[in-house]
Amino acid sequence: MNERIKPNDILTEMNKELDQRIREICIKLFDEEIDPQITRPEEQFGDYSTNVALRLAGKLGKNPAWIAGEISEHLKSNQDLADANVAGAGFINIKLSDQALIKALEEPSSMLFKDKTVVMEFSDPNPFKVLHAGHLYTSIIGESISRIIEASGAKVHRVNYGGDVGLHVAKTMWAILNKLGGEHPDKLNQIPAGERSQWLADCYVEGASKADDSKIATEITGLNKKIYQLHDKSDKSSPFAKIYWTARDWSYDYFEDFYKQIDIKFEKYYAESQVYKLGLEKIKGQIGSVYEESDGAVVFRGEKDGLHTRVFITREGLPTYEAKEVGLAFLKKAEYDFDLSVIVTANEIMQYMQVVQKSISLFAPEMVENTRHINHGVVKLPGGVKMSSRKGNILKAADLIDLAKEANAQQNNSKDPIVSLGAIKYAFLKNRIGGDTIYDPDQSVSLEGNSGPYIQYALTRGKSIISKADSFDSNITIKTLEPAERSLARKLSEYPDVYQSSLNEFAPHYICGYLFELCQVFNRFYESNRVLDDPRSKERLKLVDIYCRILEKGLDILGVEVPEKM
RNA sequence: GUCCCCGUAGUUCAAUGGAUAGAACAAUUCCCUCCUAAGGAGUAGAUAGAGGUUCGAAUCCUCUCGGGGACACCA
């Protein structure tokens, strides 16, 4: 965690109370200050659990079971809250009184980031290139983490960053000029609006595939310079500039359409053309101290920090990706003065990013202190082939959405985009961020198993129960719990802890796992306990209502909408 | 070659150094007069290998094997 937002207390209320009590007991009995590390164990063991006794055993040179016994005796002395017993090697298992458990159900979630300013950068597709499956994956991750942070009270600014200058643009421009037969911007009108994005993607593939030819490579290098010059001179009217800006707009128009489709909204699109001058300026100011000249280029020697040496300014005097990142970092800081900056990128970027961040930290440490990187893997289809944007055999983001739609139509006979989109989002978020993810369209839309539609369905079903009740008062207070009700209530009470974990680690998969488990517990309850037309109807409706609200909150954090009916 | 990440049931994934390694799908055996069975209850099945640290290791360390990524003017 970063410095400015270091949480001094990340525990939920119930956790905090137990934590405090156990700390006091340990000081009183053994004169030891120790973090109880309270966890939620399996139901058979209790509601909360701590391993303090095991960890104290070494320090005190005493039997852990004996220590656990002493502590649990003192915990028991306050029976309004909990019962405690010793189990296993020396775990202390705590069982809340029904009253305490019911109280825990009302606990609001953490507001750890209240009034903090957070900049979330994610998605980052490049104009002049294809918006591929990986962009969809990273977008869904970024959006969910944004929502996780927002839910704790932060103001989150979603920003996007793309390369509208650089060699890849030059490659696309080379192919465009080739296709148009020269600098003829008028001819661009011949490309139908619906095909523009694909046309640009094809141009990139063509340019990239021919860049091995040394003559064409030289032309592309020339175009690269020309594109930078165009920005330096704010040229918008020369034929070359007209082609550039038109194609650039096409890309951004397509991005906007796409994000709308997946229900994500960026407040700002940073472009490389906008940050490279600032980057060059900052780097040139540190030549000799942080960066150094080598072979005519400006580099950062990463080896002394276990990183690689990377070029920041080329021999041509042009900024590389690294230099632009330096500029972007300073621009974001200037524009938002954030408490926390989060950047979501693919794993392959990580090692470049570390070099960039390390170099910045040497002359502006405050810049990187509050910056956090989240790295994720790549998207694959089951038994999938390797993809390469250079070769053009790439899975587009739109293709992935189509696959989900098709699967949803076939398996569920549904055309509801809320279901197919929810299926993709959930499928991407249910695994821990970091590794590659295999996207199976059929599995993702399945109503059986751990899927988005399964949770969506569970919620619509829960709501349907409440809507069928003759009367329902959400304000009633439950006074007692039957065993089956208690199991459900116990699971419901875990939500704030799970949310807290997902916030601490920026890990949406905890939410997914919990929601699925919650549905399982609910279904088990529902199987053998009537809600409507039952003497316990009021209490059970209340539990169903809490269940629905948690599912709603959880799905909202995942960015998954819920249809009215399924 | 150097550095980084990864290796868990047939498959896709979980597991703050903690209890009997949890699920889902697939397989298999049961259970629907009932609030949406799109469900529930079972059975079978896994930590790549070898050492080490620890009261305790899927998790930390070393090595081996296997997969992916990064290694100077691309992003």
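Letters A, B, ... are given to chains in the order of the sequence lines, protein chains preceding strands, and every chain is numbered from 1.
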Does [X] reach a base, just sugar-phosphate, or nothing at all? Heavy atoms under 4.0 Å.
X	result
A/Ser501	nothing
A/Arg40	nothing
A/Thr320	sugar-phosphate
A/Pro41	base
A/Gln37	base
A/Arg540	nothing
A/Asn93	base
A/Gln520	sugar-phosphate
A/Gly449	sugar-phosphate
A/Glu293	nothing
A/Asp305	nothing
A/Asp534	nothing
A/Leu167	sugar-phosphate

Of the listed nucleotides ([options]), which one gets closest to any side-chain atom of [X]?
X	options	answer
A/Glu348	B/A70, B/C73, B/C35	B/A70
A/Arg530	B/U36, B/C34, B/C25	B/C34
A/Asn51	B/G18, B/A19, B/A37	B/G18
A/Tyr457	B/A41, B/A38, B/C35	B/A38
A/Ala297	B/C73, B/A19, B/A37	B/C73

Euclidean distance for [atom1], [N] against [M] (whole angstrom):
N	M	atom1	value
B/G45	B/U12	C1'	15 Å
B/A46	B/A58	C1'	10 Å
B/A14	B/A48	P	14 Å
B/U8	B/C55	C1'	25 Å
B/C60	B/G56	C1'	13 Å
B/A50	B/G7	C1'	16 Å
B/U53	B/C63	C1'	15 Å
B/A57	B/A21	P	13 Å

Do [X] side-chain and [N] base share a donor-acceptor contact under 3.5 Å?
X	N	value
A/Asn523	B/A38	no
A/Ser446	B/A24	no
A/Ser49	B/A19	yes

Strictly by Watson-Crick or wobble contacts shorter than 3.5 Å, is anything paired with [N], and which nucleotide is it?
N	value
B/A23	B/U12
B/C35	none
B/G7	B/C65
B/C71	B/G1
B/C55	B/G18

request  = Applying side-chain hydrogen bond (donor to acceptor under 3.5 Å, both in side chains) between A/Asn375 and each of A/Asn347, A/Thr138, A/Thr345, report the one that passes.
outcome  = A/Thr345

N/O (side chain, [X]) to phosphate O (OP1/OP2, [N]) under 4.0 Å:
X	N	answer
A/Arg310	B/C71	yes
A/Gln456	B/A38	no
A/Thr39	B/U16	no

Grab the [atom1]-[atom2] distance between [X] and [N] for me, whole Å please.
X	N	atom1	atom2	answer
A/Leu56	B/G56	CG	C1'	16 Å
A/Asp533	B/C34	CG	C1'	10 Å
A/Tyr454	B/G39	OH	C1'	8 Å
A/Lys463	B/U36	NZ	P	15 Å
A/Leu318	B/A72	CG	C1'	15 Å
A/Glu325	B/C74	CD	P	16 Å
A/Glu43	B/G22	CD	C1'	15 Å
A/Glu322	B/A72	CD	P	11 Å

key: ring pair (Phe, Tyr, Trp, His ring centres under 6.0 Å) between A/Tyr269 and A/Tyr252, worked out   = CA-CA 9 Å; A/Tyr269 287 81; A/Tyr252 282 110; 5.6 Å; yes

remark   = Contacts of A/Asn126 and A/Lys565 projected onto RNA chain B by closest heavy atom; the upstream (5') one is A/Lys565

task = Using the closest heavy atom to pick a nucleotide of RNA chain B for each, name whichever of A/Ser294 or A/Leu54 lands nearer the 5' end.
result = A/Leu54

request  = Assign a letter to each nucleotide of nucleotides 1-14 of chain B from its 5' end: B, base within under 4.0 Å of a protein heavy atom; S, sugar-phosphate only; -, no contact.
outcome  = --BS-------SSS

Side chain to side chain, A/Leu328 and A/Tyr276, heavy atoms closer than 4.5 Å = no

Beyond-backbone contact of A/Ile313 with A/Tyr291, side-chain heavy atoms, under 4.5 angstrom = no

key: Short N-O contact, A/Glu293 and A/Lys284, less than 4.0 angstrom   = no

query = Any ion pair linking A/Lys95 and A/Asp83 (charged N to carboxylate O, less than 4.0 Å)?
reply = no

Ring center gap for [X] and [Y] short of 6.0 angstrom:
X	Y	result
A/Tyr495	A/Tyr547	no
A/His376	A/Tyr137	yes
A/His231	A/Tyr244	yes
A/Phe516	A/Tyr454	yes

ask   = Is the NZ or CZ atom of A/Lys171 both under 6.0 Å from the centre of the six-membered ring of A/Tyr204 and within 45° of that ring's axis?
value = no

inquiry  = Within the supplied structure, the quantity of interest is the number of heavy atoms (other residues, nucleotides, ligands) at a distance under 6.0 Å from A/Glu564 CD; does it exceed 12?
reply    = no

message = Applying the 5.5 Å / 30° rule, does A/Phe45 stack onto the base of B/A19?
response = yes

inquiry  = Would A/Phe91 count as stacking on B/A19 if stacking means ring centres less than 5.5 angstrom apart and planes tilted under 30 degrees?
reply    = yes

